[in-house]
Amino acid sequence: MPLAASDSSPTASPLLFFPRLVQWQRSHGRSGLPWQGTRDPYRVWLSEIMLQQTQVTTVLGYYSRFLERFPDVRALAAAPQEAVLALWSGLGYYSRARNLHRCAQAVVEQWGGAFPASAEQLQTLPGIGRSTAAAIAAFCFGERISILDGNVKRVLSRLLAFDGDLASLAQERRLWALAQDLLPAAPSHDEMVAWTQGLMDLGSSLCSRSKPDCSACPGAGLCLASAQGRTAEFPVRTRKLKRSTVEWWWLLLRRPDGAVWLERRPAEGIWAGLYSLPTYGSRAEGLAAFGGEPALRREHEALRHALTHRDLVLRPLELDASALRQDAAGPGPAAQAAPGLWVRRQADLDLGLPAPLRSLLERLLPA
DNA sequence: TATCCGTGGAC
DNA sequence: TGTCCAAGGAT
């Protein structure tokens, strides 16, 4: 049965996509990013962790500061966790920083300071999942293995008109297998670098979420979604993000000299391991912990801060700390004293701080 | 499997 | 203003 004239479905093999994308990456892809042009696993690994769920422009400054402070994996492994969190402060998803630190220590202690050279082994390390392991292995060791990040899901689901729901782990695994099938039998190291980078470059430029530029795409003539005019339908992902609102009372304990008391947050949960203000679930509870109503100086305007699953309403209560204990253990009753410190000026804020708190303290403390 | 974990940019 | 989501991983 002959094809109808209106049927514009590509008939070329999707295997042609590999050489086309490799060529496109070399002529049109990104090449000047600070973590490109190296096969040093430490630098590639650091960039991949920072880039998880984080845009390139956000990462650039953090990456250079981090490398300057920790030039190699041994320097990072030897640092205190607090120093790592301080450099990560503001980048978000702080479990990445804690796992980064643990990973560096594992590389030193279990691998003699050299990252293992296969995706399978890399994936056993803290904070390195399947996609990050594949990226490091492809970039640094030329391994024939496919990444599958947000960009690749968009590019390949369109190329193949893959209509599985990527909210499902099973469908994600299917697409991962298809991605692996697009690789030639024996790609060179350079080809794996260009292919891996090309998938991400294409997804972040031509094959954008809205209004992709299919005419300039190296997948033109191969891409099923484009041929069918259905790019907006891919990738398929049923989202079921349920947001909730949480109200936190922040105690702004101020000494007569203006200093503010910060405490380290617990090792799990939101902002784990960062410094923050003493936090309570109600106004009464917070006041009761530090002198009650007579100590109250001012109720600051509430700050609203959006996290992925939660909207935080932060209510700072400024208390007069002059009547409270002010020894090294902190201002509260010794029994509930958490590790913490007084900060007097902005120069004291070289700490792991949640973004909204850094913003608040930069307004309150003198330079 | 579903949920949790930050922040900022794009639309 | 709200929504999506960006080089995801851990539990």
Side-chain angles (χ1 to χ4, degrees), chain A residues 29-30 33-36 43-63 85 88-100 102-103 122-139 146-155 165-173 176 179 193 195-205 207-211 232 235 237-244 246 265-274 276 303-312 314 352-359:
Chain A
R30 292 175 286 196
L33 297 172
W35 43 84
Q36 294 183 278
R43 293 178 175 237
V44 172
W45 163 69
L46 177 62
S47 75
E48 291 299 330
I49 302 298
M50 284 189 167
L51 286 161
Q52 287 170 4
Q53 304 296 101
T54 309
Q55 296 184 347
V56 168
T57 54
T58 303
V59 165
L60 289 171
Y62 284 88
Y63 183 77
L85 285 173
W88 203 272
S89 186
L91 198 52
Y93 281 147
Y94 298 96
S95 66
R96 291 185 296 172
R98 300 191 301 274
N99 284 330
L100 187 87
R102 288 205 296 138
C103 182
L122 286 163
Q123 204 182 333
T124 67
L125 292 165
I128 300 182
R130 185 172 173 181
S131 190
T132 298
I136 300 169
F139 282 135
S146 176
I147 60 170
L148 189 68
D149 58 28
N151 286 317
V152 183
K153 288 174 184 174
R154 185 168 55 254
V155 169
D165 181 358
L166 290 173
S168 151
L169 220 54
Q171 295 302 323
E172 183 178 303
R173 277 195 294 271
W176 216 310
V193 170
W195 163 258
T196 303
Q197 187 67 48
L199 284 172
M200 298 188 287
D201 291 352
L202 188 60
S204 69
S205 58
C207 197
S208 53
R209 185 158 54 100
S210 62
K211 299 181 182 176
R237 184 196 308 275
T238 63
R239 53 194 175 289
K240 39 187 178 285
L241 185 63
K242 280 181 280 188
R243 304 186 56 79
S244 60
V246 179
R265 289 188 52 80
E268 295 185 348
I270 293 172
W271 298 331
L274 272 61
S276 189
L303 310 171
R304 295 175 191 281
H305 186 76
L307 280 60
T308 304
H309 286 79
R310 267 175 224 178
D311 287 312
L312 298 180
L314 304 165
L353 296 173
L357 179 58
R358 182 175 299 281
S359 174

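Note: hydrogens, waters and symmetry copies are ignored here, and every other heavy atom, side chains too, is used.
For Q171(A), the side-chain hydrogen bond (donor to acceptor under 3.5 Å, both in side chains) test picks out R174(A), with sequence neighbours left out. Every residue two or more places apart in sequence or in another chain that forms a side chain to side chain contact (heavy atoms under 4.5 Å, CB included) with A167(A) is listed here: D165(A), R237(A), T238(A), K240(A). In this view, A267(A) satisfies the side chain to side chain contact (heavy atoms under 4.5 Å, CB included) rule with no residue, not counting sequence neighbours.
The heavy-atom pair separating Y62(A) from W88(A) by the smallest distance is CE2-O, 3.8 Å.
dG9(B) and dG9(C) are spaced 23 Å apart, taking the C1' atom of each and rounding to whole Å. Between dA6(C) and dC5(B), the distance separating the two C1' atoms is 15 Å to the nearest Å. dT11(C) and dG6(B): their P atoms are spaced 14 Å apart (whole Å).
Looking at heavy-atom distances under 4.0 Å, A355(A) makes contact with sugar-phosphate atoms alone, never a base. Across all strands shown, P235(A) has no heavy atoms under 4.0 Å from either base or sugar-phosphate atoms. I49(A) comes within 4.0 angstrom of no nucleic acid atom, judged by non-hydrogen atoms across all strands.
Between N151(A) and L202(A) the shortest side-chain heavy-atom distance does not fall below 4.5 Å.
Side-chain atoms of R358(A) never come within 3.5 Å of backbone atoms of S89(A) as a donor-acceptor pair (strictly under, hydrogens ignored).
Between A306(A) and A167(A), the one whose closest nucleotide on DNA chain B sits nearer the 5' end is A167(A). The residue among K242(A) and G90(A) whose nearest nucleotide of DNA chain B lies closer to the 5′ end is K242(A).
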Seminar exercise, completed: Contact string for nucleotides 1-11 of chain C, one letter per nucleotide 5' to 3', B = base within protein heavy-atom range under 4.0 Å, S = sugar-phosphate only, - = neither, reads ---SSBBBSS-
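Using bins of under 30°, 30° to 60° and over 60° for the plane-to-plane angle, the ring pair W35(A)/Y63(A) lands in the perpendicular bin.
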N/O donor-acceptor pairs under 3.5 Å from side chains in residues 43-53 of chain A, not counting sequence neighbours:
residue : atom : partner : partner atom : Å
S47(A)  : OG   : V44(A)  : O            : 2.8
Q52(A)  : NE2  : T132(A) : OG1          : 3.0

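To the nearest 0.5 Å, atom CG of residue L353(A) and atom OG of residue S276(A) are 8.0 Å apart.
Between chain A and DNA chain B, the heavy-atom contact criterion of under 4.0 Å yields a 5' to 3' nucleotide range of dT1(B) to dG9(B).
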